[in-house]
Amino acid sequence: MRQLGLVAGAAATALVAAGAITFAVAGDDGPSDVVPSADSADAGFARDMAVHHQQAVEMSYIVRDRTDDEEVRRLAYDIAQTQANQRGMLLGWLDLWELPKVSADPPMTWMGMGDTASGKDGALMPGMATNAEMERLGTLGGKRAEIFYLQLMTDHHKGGVHMAEGCVRACEVGVEKRLARGMAEAQESEIALMAGMLKERGAAARR
C-alpha cells in the first residue's frame with residue numbers, strides 16, 4: 001500500500017507539473033514578432049507535433065474505455081487534455097503566422113530527418129504507434145490494456161522528447177521554444193512515472 005501511495009503521489013506531481021507548463025505558456029503574450037517561414041523549424045515543429053499529439057490523445061481515450069484502473073485512467077485523461085490543449089496552441093500559431101497546417105515535405109524534414117523518420121503502417125514520426133498497434137490496444141482489456149498503453153505511450157513520449165529538444169535547439173519563436181522545453185521536461189517526468197507503473201504490473205518498457 002505504501003508503494004501505491006508513493007506512485008500515486010508521483011502521478012499527482014507529474015500531472016500538476018504538466019498542467020502548470022501548459023497554463024504558463026498559454027498565459028504568455030504569445031509568439032514574438034518573429035514570423036517564421038513555411039519551411040522553418042518553428043512551422044515544421046508546430047505541424048508535426050500537432051499530428052504526434054493527436055495520436056496520443058486518441059490512444060489515451062482508447063485505454064480509458066478498456067480499463068477500470070483509476071491510476072491509468074487519471075494519467076490517460078491528463079495526457080489527453082494536456083496534449084489536446086498544446087495541439088490547439090500549435091495550430092493556432094500556424095494560423096497566426098498564416099502558414100499551412102500541412103506540408104508537401106515528409107514529416108521531420110525540419111530536423112533533417114525527412115528521409116528517415118516516416119515509418120510503416122501509419123507511424124509517421126519517432127515514437128508513434130502503428131495502425132496495427134492502435135487497433136490491438138482497442139481489443140485488449142484490463143491489465144493487458146494498461147501495460148500495452150503504458151508501453152506505447154512511453155515510446156510515444158520518447159519520440160516527443162526528441163522532437164521537442166529539436167525545437168529547443170532550432171526554433172526561433174521564443175514562446176514556442178518555451179513550450180517545447182516544457183513538453184520535454186513534462187514528458188521525461190511521465191516516462192519515469194510510467195516505468196514505475198509498468199513495474200507494478202510486472203512489465204517494462206519495450207525499448
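These numbers come from the heavy atoms of this one structure, side chains and all, not from hydrogens, waters or symmetry mates.
- Remark: Lys143 pairs with no residue by the salt bridge (charged side-chain N to carboxylate O under 4.0 Å, His left out) rule, at least two apart or across chains.
- Taking all atoms of both residues into account, the shortest heavy-atom contact from Ala164 to Phe45 is CA-CE1, 3.8 Å.
- Two residues are said to be in side-chain contact when any heavy atoms from C-beta on lie closer than 4.5 Å; Met49 and Met183 meet this criterion.
- A distance-only check finds no donor-acceptor pair linking the side chain of Gln83 to the backbone of Gln54 [under 3.5 Å].
- Contact between Ala204 and Leu198 at its shortest, heavy atoms only, is C-CD1, 3.8 Å.
- When all heavy atoms of Leu99 and Ala43 are compared, the pair lying nearest together is CD1-CB, 3.8 Å.
- Smallest separation of non-hydrogen atoms from Arg73 and Asp68: CD-C, 3.8 Å.
- Listed for the Asp78 side chain is no donor-acceptor partner under 3.5 Å among the backbone atoms of Arg74.
- Atom CE in Met128 sits 8.0 Å away from atom CE in Met134 (nearest 0.5 Å).
- Applying the side chain to side chain contact (heavy atoms under 4.5 Å, CB included) criterion to Ala41, with sequence neighbours excluded, gives Trp110, Ala170, Cys171.
- Screening residues 49-88 for disulfide (SG to SG under 2.5 Å) gives no qualifying pairs among residues at least two apart or on separate chains.
- Each of Arg181, Met163, Glu176 was compared with Val168 under the side-chain contact (heavy atoms from CB on, under 4.5 Å) criterion, and only Arg181 meets it.
- Side chains of Leu152 and Met59 form a contact here, defined as non-hydrogen atoms less than 4.5 Å apart.
- Distance check, rounded to the nearest 0.5 Å: OH of Tyr149 to CE of Met194 gives 7.0 Å.
- Proximity of Leu179 to Leu90: side-chain heavy atoms (C-beta onward) are separated by under 4.5 Å at one or more points.
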Determine whether Ser60 and Gln81 satisfy the following criterion, side chain to side chain contact (heavy atoms under 4.5 Å, CB included), listing intermediate values before the conclusion. CA-CA 10 Å; Ser60 295; Gln81 293 302 303; over 6 Å; no
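- Note on Leu75 and Tyr61: separate hydrophobic clusters, where clusters join Ile, Leu, Val, Met, Phe, Trp and Tyr whose side-chain heavy atoms are under 4.5 Å apart, directly or indirectly.
- To the nearest 0.5 Å, atoms CE (Met113) and OG1 (Thr109) are separated by 10.0 Å.
- Every pair passing salt bridge (charged side-chain N to carboxylate O under 4.0 Å, His left out) that includes a residue from residues 92-102 is listed here, sequence neighbours excluded: Asp95-Lys101.
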Apply side chain to side chain contact (heavy atoms under 4.5 Å, CB included) to the pair Leu137 and Arg66, showing each step before the final yes or no. CA-CA 8 Å; Leu137 179 62; Arg66 308 302 301 177; 5.6 Å; no
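- Between the side chain of Asp42 and the backbone N or O of Val173 there is at least one donor-acceptor pair closer than 3.5 Å.
- Separating the NE2 atom in His162 from the SG atom in Cys167 is a distance of 12.5 Å, to the nearest 0.5 Å.
- Sparse packing is recorded around OH of Tyr77, with 12 or fewer heavy atoms of other residues, nucleotides or ligands lying under 6.0 Å away.
- Partners of Arg64 according to the salt bridge (charged side-chain N to carboxylate O under 4.0 Å, His left out) rule, which considers only residues two or more places apart in sequence or in another chain, do not exist here.
- The closest side-chain donor-acceptor pair between Thr67 and Asp69, if any, does not fall under 3.5 angstrom.
- For the pair Asp48 (side chain) and Pro107 (backbone), a donor-acceptor distance under 3.5 Å is absent.
- With sequence neighbours excluded, the residues forming a side chain to side chain contact (heavy atoms under 4.5 Å, CB included) with Ser103 are Arg47, Asp105, listed by chain and number.
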Just do the side chain to side chain contact (heavy atoms under 4.5 Å, CB included) check on Gln55 and Met125 with the steps written out, would you? CA-CA 11 Å; Gln55 188 184 68; Met125 283 167 266; over 6 Å; no
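- Partners of Val161 according to the side chain to side chain contact (heavy atoms under 4.5 Å, CB included) rule, which considers only residues two or more places apart in sequence or in another chain, are Glu165, Ala184, Gln187, Glu188, Ile191.
- Using a 4.5 Å heavy-atom cutoff, the side chains of Glu133 and Gln151 are not in contact.
- Residues in residues 147-158 take part in these salt bridge (charged side-chain N to carboxylate O under 4.0 Å, His left out) pairs, two or more places apart or across chains: Asp155-Arg206, Asp155-Arg207.
- The nearest pair of heavy atoms linking Asp121 to Ala132 is OD2-N, 3.0 Å.
- Partners of His52 by ring-ring contact (aromatic ring centres under 6.0 Å, His included), not counting sequence neighbours, listed by chain and number: His156.
- Distance check, rounded to the nearest 0.5 Å: CE of Met197 to CG of Leu150 gives 5.0 Å.
- Rounding to the nearest 0.5 angstrom, the gap separating the NE2 atom in His53 from the CZ atom in Arg87 is 9.5 Å.
- Under the side chain to side chain contact (heavy atoms under 4.5 Å, CB included) criterion, Arg136 pairs with Thr139, Leu140, Arg144, Phe148, not counting sequence neighbours.
- Looking at every heavy atom in both residues, Ala80 comes nearest to Val57 through O-CG2, 3.6 Å.
- Note on residues 173-206: no pairs pass disulfide (SG to SG under 2.5 Å), not counting sequence neighbours.
- In terms of the side-chain hydrogen bond (donor to acceptor under 3.5 Å, both in side chains) criterion, Asp65 has no residue partners (sequence neighbours excluded).
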